[in-house]
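The basis for the numbers below is simple: all heavy atoms, side chains too, and nothing from hydrogens, waters or symmetry mates.
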Amino acid sequence: MVTKIDSAAASNGPTLGEALRVWFRIGCLSFGGPAGQIALMHRVLVDEKKWIHEPRFLHALNFCMLLPGPEAQQLATYVGWLLHGLRGGLIAGILFIVPGAIVMLALSLLYALGRGVPLIDGALFGIKAAVLVIVVEALIRIGKRALKSPFLVAVACAAFIGIFILALPFPLIVVAAGALGYALARARPEWLALKGDVPASPAARGRLRGTAITVAVALAIWWMPVALAALAFGPDHVLVGIGTFFSKLAVVSFGGAYALLAYMAQQAVDVHGWMSAREMVDGLGLAETTPGPLILVTQFVGFLAAFRNSAPFDPVTAGVIGAAMTVWVVFVPSMLWIFAGAPYVEPLRANHRLAGGLAAITAAVVGVILNLSVWFALHVLFGEVREVHAGPLRFYALDLLALDIKAAALAAIAALLMFGLHRGLIEVVITMAVLGAAARYALG
């Protein structure tokens, strides 16, 4: 269905068995978010193993940045495809997420079954404070990288107003920003901080039939579990809702997990009622401690949704099935984009308008993450937050006297660790979990 385009790399590369062992090792060690995961793959694949040259690695990374989904996992899939075709891409993409998915499932079980235990509740209380600071750090980091012109700053502000005050859906903001950037890329490239025009490479030819077959098969595989759940339990069953919702999420997942969290929290908490806002914060904290893509936080949401709406299964079985459904519909399309688009990488990389659309989307993502930061801060630091609507406008009402002093103190400590002492992400999460447990025991 898909052919390799880097035969030189493949001929000088590893055997499939050797690659399998290395991809499993990378999957087990891929902590630290996309930046750490990409750095790990660069060290192993480019510097140590020399399976792929630096320009090809960076070329692959640029391609993955254009796609919805976790770019580090897609980069692994792409490099695996370069080395061993479809089999290699499947092995690399699957092994990149399996270790983290197993750990996340175990943490979800512990979370669901261990609530009410003071030690666990205290640890989660501390993790909430760490998550708030982690999201603010992501906002600053991505903002510095993305907002390179006054126009892009304006796009970020408009996205924040759109999602925070007007309650516009995240997919609409992504589409509008992408269309705006695409339209302005040639007329006003400086507004989007684009470099001079790039001459287009010759388009890939003779591959349309193979691509069409790849897409058709992948679409069938993607939607098969959702269709089976609908046939077995009816279209209103929670498993169908999980499959449909996270499939939509997979299509608009530009900007990484932090950008998606605002939309996912809005839908999972306010629309579907699968969990509370504080539980969403807990889920992100747990996902920060696992290997693999941060978007595995979706697995936690799917687990709790099915755990609490378990019929006709027992809660644990339903939770495991819900987690599996979530992982399936999030990551199958992620690999689909790679297998369908890989033959056309050169033309895509040279497309100036596509680069403009991506620049505008990335700027909008900054506004969405700012919304997420405010949303998290309100729910972590204050006991009760209510939505107030005035026509098309939405505001949050809260009692300033209800500020949680313990949560604010823990958040201040987390900020000191991350911004003042420059401690690593996992170290901050673990430290805050210990401090949260200690605070719960000491202060009640």
Side-chain angles (χ1 to χ4, degrees), residues 33-35 38 58-59 61-72 74-75 133-200 249 251-266 294-295 337 348-377 394 419:
I38 291 167
L58 296 177
H59 184 183
L61 178 59
N62 289 337
F63 169 56
C64 295
M65 292 292 291
L66 295 173
L67 303 174
E71 63 265 30
Q74 289 172 325
L75 178 61
V133 175
I134 289 168
V135 174
V136 171
E137 188 274 336
L139 171 68
I140 296 171
R141 172 169 38 86
I142 297 173
K144 287 180 178 178
R145 187 181 71 218
L147 305 182
K148 298 178 181 178
S149 72
F151 175 77
L152 293 175
V153 173
V155 171
C157 294
F160 174 74
I161 293 171
I163 196 168
F164 187 78
I165 297 177
L166 300 177
L168 297 178
F170 176 65
L172 177 61
I173 292 173
V174 168
V175 171
L180 181 63
Y182 186 89
L184 291 174
R186 291 201 181 277
R188 292 288 187 268
E190 68 278 5
W191 288 12
L192 299 160
L194 298 178
K195 297 179 181 179
D197 202 0
V198 182
L249 207 68
V251 176
V252 297
S253 55
F254 296 94
Y258 291 114
L260 284 183
L261 278 170
Y263 175 59
M264 183 170 66
Q266 179 190 51
L294 183 58
I295 204 172
W337 314 139
L348 284 174
R349 186 173 68 96
N351 191 311
H352 207 59
R353 289 188 171 181
L354 195 59
L358 180 64
I361 288 173
T362 306
V365 160
V366 176
V368 173
I369 297 176
L370 174 58
N371 164 75
L372 177 68
S373 302
V374 176
W375 189 87
F376 269 1
R394 177 186 64 182
F419 296 115

Q: Drop me the distance from R394's CZ to L168's CG, to the nearest 0.5 angstrom.
A: 9.5 Å
Q. Going from CD1 on I361 to CG on L180, what distance comes out if it is rounded to the nearest 0.5 angstrom?
A. 10.5 Å
Q) How far apart are the closest heavy atoms of A364 and A177, and which atoms are they? A) CB-CB, 3.7 Å
Q: Measure the spacing between CD1 of I369 and CD of E137 and express it to the nearest 0.5 Å.
A: 10.5 Å
In residues 148-165, what donor-acceptor pairs under 3.5 Å come from side-chain atoms, sequence neighbours left out?
{"residue": "S149", "atom": "OG", "partner": "L152", "partner atom": "N", "Å": "3.3"}
{"residue": "S149", "atom": "OG", "partner": "W191", "partner atom": "O", "Å": "2.4"}

Q: State, to 0.1 Å, how close V135 and S373 come at their nearest heavy-atom pair, and which atoms those are.
A: CG1-OG, 3.3 Å
**Q.** Inter-residue atom distance I134.CD1 - L139.CG, 0.5 Å rounding
**A.** 14.0 Å
Q.
Can you list everything that forms a salt bridge (charged side-chain N to carboxylate O under 4.0 Å, His left out) with R188? Sequence neighbours excluded, please.
A. none
